[in-house]
Amino acid sequence: MPTAIAVTSADMALPPQDERTLPAAVLQDVGRRPLDEVLTEVQALLDQHGHLIVVCSQAVPVAVERRLYTVRSLLESDRIALFRPPLPPLGIAVLARQLRQLASCDLSPGVLASAGRLLTHYIHAGALLGSVARLDRVPVGLKAHAKSWVPGSQFGVLAHPEPQLVRIGPGAALTGPEFGTWLLVAKGQLQSDWVAGTLAPSWRTLGLREVPLPAESAAWWGTGRLIEFCAFLPDLSVLYQLVTSVRQSPCHWCGIDLIGDRCVFCSAVPPADDRLPDLHRRDGRPAERHASRDRARPASRAGFG
């Protein structure tokens, strides 16, 4: 069975992008439900799919984050990857859907999980805000804070890949992707046609679709007066080519195949020097190599990106 891709609320499970997009596993209300109930649910997903990748926003309540760590620890499973990239909620939902697309391909669980870090670089996520007074995810200057109190002020903010902030007016623009993307838009309590009428044409988007605003967006952006947007690569063939063009290697700790230099399942990174002299171990391997391997494994919270 394909690796399961999970999100922490139903509004983070976007509609399928294509006919091959697999459904998301929704771990609903994991911070409030009984622990044994959540454990049973996660164990069932592991029994059915073998491996589980949970894509989680940094704006989730602390109770949800703690529960995910607890479940992974109690199950003592290196088959659960908890991935929390630095993206706004709509970007998290888009990334989870891209992984759901790739889960239908012939990618191993480790490669699929580590592909999340790679694909994050190709996501442009931001929002049109009615106020930046409580925005703490993107640097905000004193002038912007002052102008935020002027009635009718609006701000275009790009949170990823590079922070940008502009006050909306004639000539206001945000630097967009240099490749063809679709634009996903989620409207909150703000009325404006700037995203569809100005931003989308300036970014030369191939198309635009609207979805409901994730519940976590207001907390992430510091206001409910917003329109969140995310530019992304929609085609499975392009996503697959990006991932398979990167060299794969086995994790030196758990042995699973991955791309990049950090295992999303066990969080191990390559030793600083894996070519130390042999110190005459009976098994023929350098004794110092084992010490460096121990240092490379994190002491706690293994598996959370």
Side-chain angles (χ1 to χ4, degrees), residues 5-9 11-14 24 27 53-62 64-66 68-69 72 80-100 102 112-129 132 134-140 155-166 174-179 181 183-186 188 203 213-223 226-233 239 242-243 246 258-265 267 269 298 300-305:
I5 310 297
V7 292
T8 54
S9 62
D11 58 8
M12 301 296 282
L14 295 176
L27 302 177
I53 303 170
V54 183
V55 187
C56 180
S57 166
Q58 295 181 358
V60 297
V62 175
V64 173
E65 180 183 352
R66 289 175 177 171
L68 290 172
Y69 285 127
R72 189 181 190 279
I80 302 175
L82 306 175
F83 185 38
R84 193 173 63 162
L87 290 170
L90 187 60
I92 293 287
V94 166
L95 179 62
R97 185 170 64 181
Q98 289 179 328
L99 293 178
R100 288 160 51 197
L102 288 168
L112 179 62
S114 50
R117 289 197 177 95
L118 172 65
L119 298 180
T120 298
H121 296 291
Y122 295 90
I123 290 177
H124 286 63
L128 179 68
L129 305 179
V132 294
R134 297 182 179 179
L135 178 62
D136 58 5
R137 308 273 183 175
V138 175
V140 181
F155 300 85
V157 183
L158 191 67
H160 191 274
E162 294 292 337
Q164 297 178 54
L165 188 152
V166 296
L174 294 173
T175 303
E178 298 179 352
F179 44 87
T181 60
L183 192 68
L184 205 63
V185 178
W203 283 9
L213 184 73
E216 299 167 4
S217 294
W220 202 96
W221 293 103
T223 178
L226 80 157
I227 300 175
E228 193 170 5
F229 55 84
C230 180
F232 63 98
L233 295 168
L239 299 175
L242 281 173
V243 174
V246 180
L258 53 87
I259 58 177
D261 59 357
R262 181 183 178 189
C263 181
V264 183
F265 283 101
S267 281
V269 295
S300 63
R301 295 194 172 187
F304 214 119

How long is the straight-line distance from [atom2] of [Y] back to [atom1] of [X], given to the nearest 0.5 Å?
| X | Y | atom1 | atom2 | value |
| --- | --- | --- | --- | --- |
| Trp221 | Leu226 | CH2 | CG | 8.0 Å |
| Thr8 | Leu27 | OG1 | CG | 7.5 Å |
| Leu233 | Leu242 | CG | CG | 6.5 Å |

For residues 85-94, please give each side-chain donor-acceptor pair under 3.5 Å, one per line with the distance, not counting sequence neighbours.
none

Kindly write out the residues that satisfy side-chain hydrogen bond (donor to acceptor under 3.5 Å, both in side chains) with Ser217, not counting sequence neighbours, or none if the list is empty.
->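 Per chain and number, Ser217 pairs via side-chain hydrogen bond (donor to acceptor under 3.5 Å, both in side chains) with Glu228.
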Tell me, please, which residues at least two apart from Arg100 pass side-chain hydrogen bond (donor to acceptor under 3.5 Å, both in side chains).
->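 Listed in chain order: nothing, the list is empty.
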Can you check whether [Y]'s main-chain N or O pairs, donor with acceptor, with [X]'s side chain at less than 3.5 Å?
| X | Y | result |
| --- | --- | --- |
| Trp203 | Leu174 | yes |
| Ser114 | Ile259 | yes |
| Arg134 | Thr223 | no |

Which is it for Phe155 and Leu128 under the side chain to side chain contact (heavy atoms under 4.5 Å, CB included) test, yes or no, and what are the steps along the way?
-> CA-CA 6 Å; Phe155 300 85; Leu128 179 68; 6.0 Å; no
Any chance you could lay out the side chain to side chain contact (heavy atoms under 4.5 Å, CB included) test for Thr120 and His160, step after step, and finish with the verdict?
-> CA-CA 9 Å; Thr120 298; His160 191 274; 3.5 Å; yes
Where do Phe83 and Val54 land on the side chain to side chain contact (heavy atoms under 4.5 Å, CB included) test, with the steps shown first?
-> CA-CA 6 Å; Phe83 185 38; Val54 183; over 6 Å; no
